[in-house]
Asker: 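One structure is given below, represented as structure tokens, and several questions about it will come after.
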Amino acid sequence: QRQLVESGGGSVQSGGSLRLSCVSSENTYSNVCVGWFRQAPGKEREGVAHIGNTGGTTYAASVKGRFTISQDNAKYTIYLQMNSLKPEDTAMYYCAARSGCGPEYDQWGQGTQVTVSS
């Protein structure tokens, strides 16, 4: 049973930066088959950034060039560096994993709130 715990959310002004962290209880393959999602009130959940089973990364078009997903294997942690934040980035951000690198994200953290004001 994997445990995922996010941290690093907060309130910033437009143009600011935040770094989200997601600590996994699993110390093997924690660097792959993981991703960040976000959901704002009244909107559907959106995939933000992902690390695939081969280690490649993908990003939503809305964040590409501003956000970076990375990992620290020694700390079993996944990061989301968010730069040049915009008000439309305001959402609850969730770390998620695909257990066994299966097709579905089935393990989720509790979420961390990001609020960006103009």
Asker: Could you tell me the separation between the CD atom of Gln107 and the CG atom of Leu4, rounded to the nearest 0.5 Å?
Answerer: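 Reported to 0.5 Å precision, the distance equals 6.0 Å.
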Asker: If the condition is side chain to side chain contact (heavy atoms under 4.5 Å, CB included), which residues does Ser70 pass it with, not counting sequence neighbours?
Answerer: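 Side chain to side chain contact (heavy atoms under 4.5 Å, CB included) list for Ser70, sorted by chain: Arg19, Tyr79.
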Asker: I need the Gln71 CD to Ser21 OG distance, nearest 0.5 Å.
Answerer: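 So the CD of Gln71 and the OG of Ser21 are separated by 12.5 Å.
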Asker: May I ask whether Ile69 and Val114 are part of the same hydrophobic cluster, defined by side-chain heavy atoms of I, L, V, M, F, W, Y residues being less than 4.5 angstrom apart, directly or through others?
Answerer: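 Yes.
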Asker: Provide the closest heavy-atom pair for Arg45 versus Gln39 in the form atom of the first, atom of the second, distance.
Answerer: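 For Arg45 and Gln39, the tightest heavy-atom pair comes out as N-NE2, 3.7 Å.
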Asker: So, do Cys101 and Val32 sit near enough that their side-chain heavy atoms are less than 4.5 Å apart?
Answerer: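 Answer yes - side chains close enough.
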Asker: Roughly how far apart are Phe67 CZ and Ser17 OG, rounded to 0.5 Å?
Answerer: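 Reported value, rounded in 0.5 Å steps: 9.5 Å.
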Asker: Could you pull out the closest heavy-atom pair between Val34 and Ala97, with the gap in Å?
Answerer: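 Here Val34 and Ala97 meet closest at CG1-CB, 4.0 Å.
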Asker: Between Arg38 and Val63, is any pair of side-chain heavy atoms under 4.5 Å apart?
Answerer: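 Touching, per the 4.5 Å side-chain cut-off.
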Asker: Once rounded to the nearest 0.5 Å, what's the spacing between atom OG of Ser14 and atom CG of Asp89?
Answerer: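 It comes to 8.5 Å.
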Asker: Under the criterion side-chain contact (heavy atoms from CB on, under 4.5 Å), I'd like the reasoning laid out for Leu20 against Met82: C-alpha separation, chi angles, the key distance, then a yes or no.
Answerer: CA-CA 8 Å; Leu20 307 184; Met82 305 185 296; 3.8 Å; yes
Asker: When you measure from the side chain of Asp106 to the backbone N and O of Ser99, does any donor-acceptor pair fall under 3.5 Å?
Answerer: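 Side chain of Asp106 to backbone of Ser99, a donor-acceptor pair under 3.5 Å: yes, one is there.
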Asker: Applying ring-ring contact (aromatic ring centres under 6.0 Å, His included), name anything that partners Tyr59, two or more places apart in sequence or on another chain.
Answerer: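 Listed in chain order: nothing, the list is empty.
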Asker: Would you say Cys95 and Trp36 make side-chain contact, with heavy atoms under 4.5 Å?
Answerer: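 Touching, per the 4.5 Å side-chain cut-off.
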Asker: Nearest 0.5 Å, please: how far is CD in Gln113 from OG1 in Thr90?
Answerer: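 Thr90 OG1 to Gln113 CD: 7.5 Å, rounded to 0.5 Å.
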Asker: State plainly whether one hydrophobic cluster holds both Leu85 and Val48, where clusters connect Ile, Leu, Val, Met, Phe, Trp and Tyr through side-chain heavy atoms under 4.5 angstrom apart.
Answerer: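 Shared cluster, yes.
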Asker: Any sub-3.5 Å donor-acceptor pair from Gln110's side-chain atoms to Glu6's backbone N or O?
Answerer: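 Present.
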Asker: Working to the nearest 0.5 angstrom, can you tell me the gap between Tyr93 OH and Glu46 CD?
Answerer: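 The OH atom of Tyr93 sits 8.0 Å away from the CD atom of Glu46.
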Asker: Take the angle between the ring planes of Tyr105 and His50 and call it parallel below 30°, perpendicular above 60°, tilted in between.
Answerer: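 Tilted.
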Asker: Treating Ile, Leu, Val, Met, Phe, Trp and Tyr as nodes and any side-chain heavy-atom pair under 4.5 angstrom as an edge, say whether Val23 and Met92 lie in one connected cluster.
Answerer: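 The answer is no; the residues belong to distinct hydrophobic clusters.
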